[in-house]
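Some notes on the structure that comes next.
No experiment lies behind these values; they were computed from the predicted model shown.
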Amino acid sequence: MAEHIPVFLERTIELLAPALERPGAVLVDATLGLGGHAEAFLERFPNLQLIGLDRDQHALALAGERLARFADRTQLVHCVYDRIGEVLEERHIRGIAGVLFDLGVSSMQLDRVERGFSYSKDAPLDMRMDDTSDLTAARILAEYDESELRRIFYQYGEEKLAPRYASRIVRERAVAPLLTSAQLVELLIAATPAVRQLARPTSTSSTGVAPRSSDAKISG
């Protein structure tokens with residue numbers, strides 16, 4: 001596993017320390033990822049109990065290995081962070097000392113070609129943060145109507161050419177299914193005016209589908 005460097009680690013510890021130093025403190029790491037922040041907190045606060053959440057089972061497995069020496073003080077849960085309340089209730093935890101959110105796209109997903117997030121390398125159109133979900137980018141492109149595709153490009157990709165892209169997808173999928181990132185990139189480039197192609201619009205447009213394919217709720 002490549003080295004994982006948590007961002008703003010010392011500053012995060014500094015901000016949360018007053019609460020986490022108290023007896024019985026519970027910290028929820030709502031975006032556990034590879035467990036870098038969690039490991040640092042567990043090392044720094046020997047009595048801390050940690051609940052780690054992540055929607056990516058691969059990340060949970062890697063974090064579990066990293067945090068194995070703290071197994072008696074950690075609970076790792078496969079879920080989206082909007083289920084924090086349910087997770088705590090299921091574990092009869094009445095109060096917590098802090099919550100950590102490290103928001104943004106995970107490099108672990110982007111770096112794995114087979115996950116389909118990269119527009120620069122050809123791969124199946126998957127783009128799921130949680131690969132136990134049935135909703136892939138390929139399925140979205142195949143099944144969603146033009147108005148919904150247009151909304152996705154507007155909302156998630158902030159794409160001004162959303163109508164052009166949605167229309168082109170509907171037209172092209174009637175001829176052949178869109179199954180790979182290379183197909184999607186080629187389609188988007190063909191639908192983009194030449195002046196806009198200089199800005200490589202596919203970097204935001206193709207990944208605009210990704211958040212929607214990761215929206216499906218999962219249980220932990």
Side-chain angles (χ1 to χ4, degrees), residues 1-112 114-115 117 126-136 155-156 207 210-220:
M1 181 176 61
E3 182 182 7
H4 172 59
I5 302 175
V7 297
F8 298 115
L9 179 58
E10 289 304 318
R11 179 58 175 159
T12 305
I13 291 174
E14 178 187 347
L15 291 171
L16 289 174
L20 301 185
E21 289 169 344
R22 299 170 185 168
V26 176
L27 172 67
V28 176
D29 187 339
T31 50
L32 182 66
L34 296 180
H37 286 96
E39 180 182 43
F41 277 105
L42 289 163
E43 286 177 341
R44 194 72 60 94
F45 305 100
N47 296 315
L48 179 67
Q49 296 290 321
L50 182 131
I51 309 292
L53 315 180
D54 206 286
R55 71 192 310 168
D56 188 334
Q57 290 197 110
H58 300 287
L60 279 175
L62 292 172
E65 295 176 6
R66 184 174 194 161
L67 303 177
R69 58 197 167 105
F70 305 110
D72 61 329
R73 296 196 283 128
T74 60
Q75 297 182 58
L76 308 187
V77 186
H78 178 224
C79 73
V80 186
Y81 54 68
D82 62 4
R83 290 193 60 240
I84 287 178
E86 297 171 48
V87 170
L88 296 176
E89 185 176 352
E90 289 166 0
R91 286 154 181 79
H92 307 291
I93 297 174
R94 301 298 182 186
I96 59 175
V99 183
L100 174 65
F101 291 88
D102 182 9
L103 301 176
V105 180
S106 170
S107 61
M108 185 179 70
Q109 281 99 15
L110 295 178
D111 293 343
R112 296 181 61 178
E114 69 272 16
R115 301 292 289 268
F117 285 100
D126 189 318
M127 297 189 180
R128 292 172 296 172
M129 292 291 184
D130 170 28
D131 61 10
T132 66
S133 168
D134 293 330
L135 189 61
T136 64
Q155 181 173 339
Y156 295 107
T207 54
R212 183 65 188 92
S213 65
S214 296
D215 267 358
K217 294 295 186 291
I218 56 181
S219 59

Closest approach of [X] and [Y], non-hydrogen atoms and distance?
X   : Y   : value
G33 : A63 : O-CB, 3.5 Å
G52 : L60 : O-CD2, 4.4 Å
L9  : H37 : CD1-CD2, 3.8 Å
L20 : A25 : O-CB, 3.6 Å
L27 : L16 : CD1-CD1, 4.2 Å
L67 : G35 : CD2-O, 3.9 Å

Is it the case that atom [atom1] in [X] sees more than 12 heavy atoms from other parts of the structure closer than 6.0 Å?
X    : atom1 : answer
Y81  : OH    : no
F8   : CZ    : no
Q155 : CD    : yes

Is it the case that the side chain of [X] and the backbone of [Y] share a donor-acceptor pair, with hydrogens and angles ignored and the cut-off at 3.5 Å?
X   : Y    : value
T31 : D102 : yes
R73 : P46  : yes
R66 : L62  : no

Stepwise, does the side-chain contact (heavy atoms from CB on, under 4.5 Å) test hold for L76 with L32?
CA-CA 8 Å; L76 308 187; L32 182 66; 3.7 Å; yes

Drop me the distance from H58's NE2 to L34's CG, to the nearest 0.5 angstrom.
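Going from NE2 on H58 over to CG on L34, the span is 12.5 Å.
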
side-chain contact (heavy atoms from CB on, under 4.5 Å) assessment of L100 paired with F41
CA-CA 11 Å; L100 174 65; F41 277 105; 4.0 Å; yes

Lys/Arg N to Asp/Glu carboxylate O, E39 vs R44, below 4.0 Å
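Here E39 does not pair with R44 in a salt bridge, since their nearest N and O are not under 4.0 Å apart.
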
May I ask you to say whether R69 pairs ionically with E43, meaning some side-chain N is under 4.0 Å from a carboxylate O?
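The answer is yes: the pair qualifies as a salt bridge.
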
Apply side chain to side chain donor-acceptor pair (under 3.5 Å) to residues H78 and D130 and explain how you reach the verdict.
CA-CA 9 Å; H78 178 224; D130 170 28; 3.2 Å; yes

So which of L50, V77, I93, I84 actually passes side-chain contact (heavy atoms from CB on, under 4.5 Å) with V28?
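Of all the options given, the one that passes is I84.
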
Side-chain contact, heavy-atom cut-off 4.5 Å: P23 with N47?
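SC-SC contact between P23 and N47 ruled out.
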
Please report the C-alpha distance between E86 and E89 in whole Å, then the side-chain angles of each, then the deciding distance to 0.1 Å, and finally whether the side-chain contact (heavy atoms from CB on, under 4.5 Å) criterion is met.
CA-CA 5 Å; E86 297 171 48; E89 185 176 352; 5.7 Å; no

Derivation of the side-chain contact (heavy atoms from CB on, under 4.5 Å) call for M127 and T136:
CA-CA 6 Å; M127 297 189 180; T136 64; over 6 Å; no

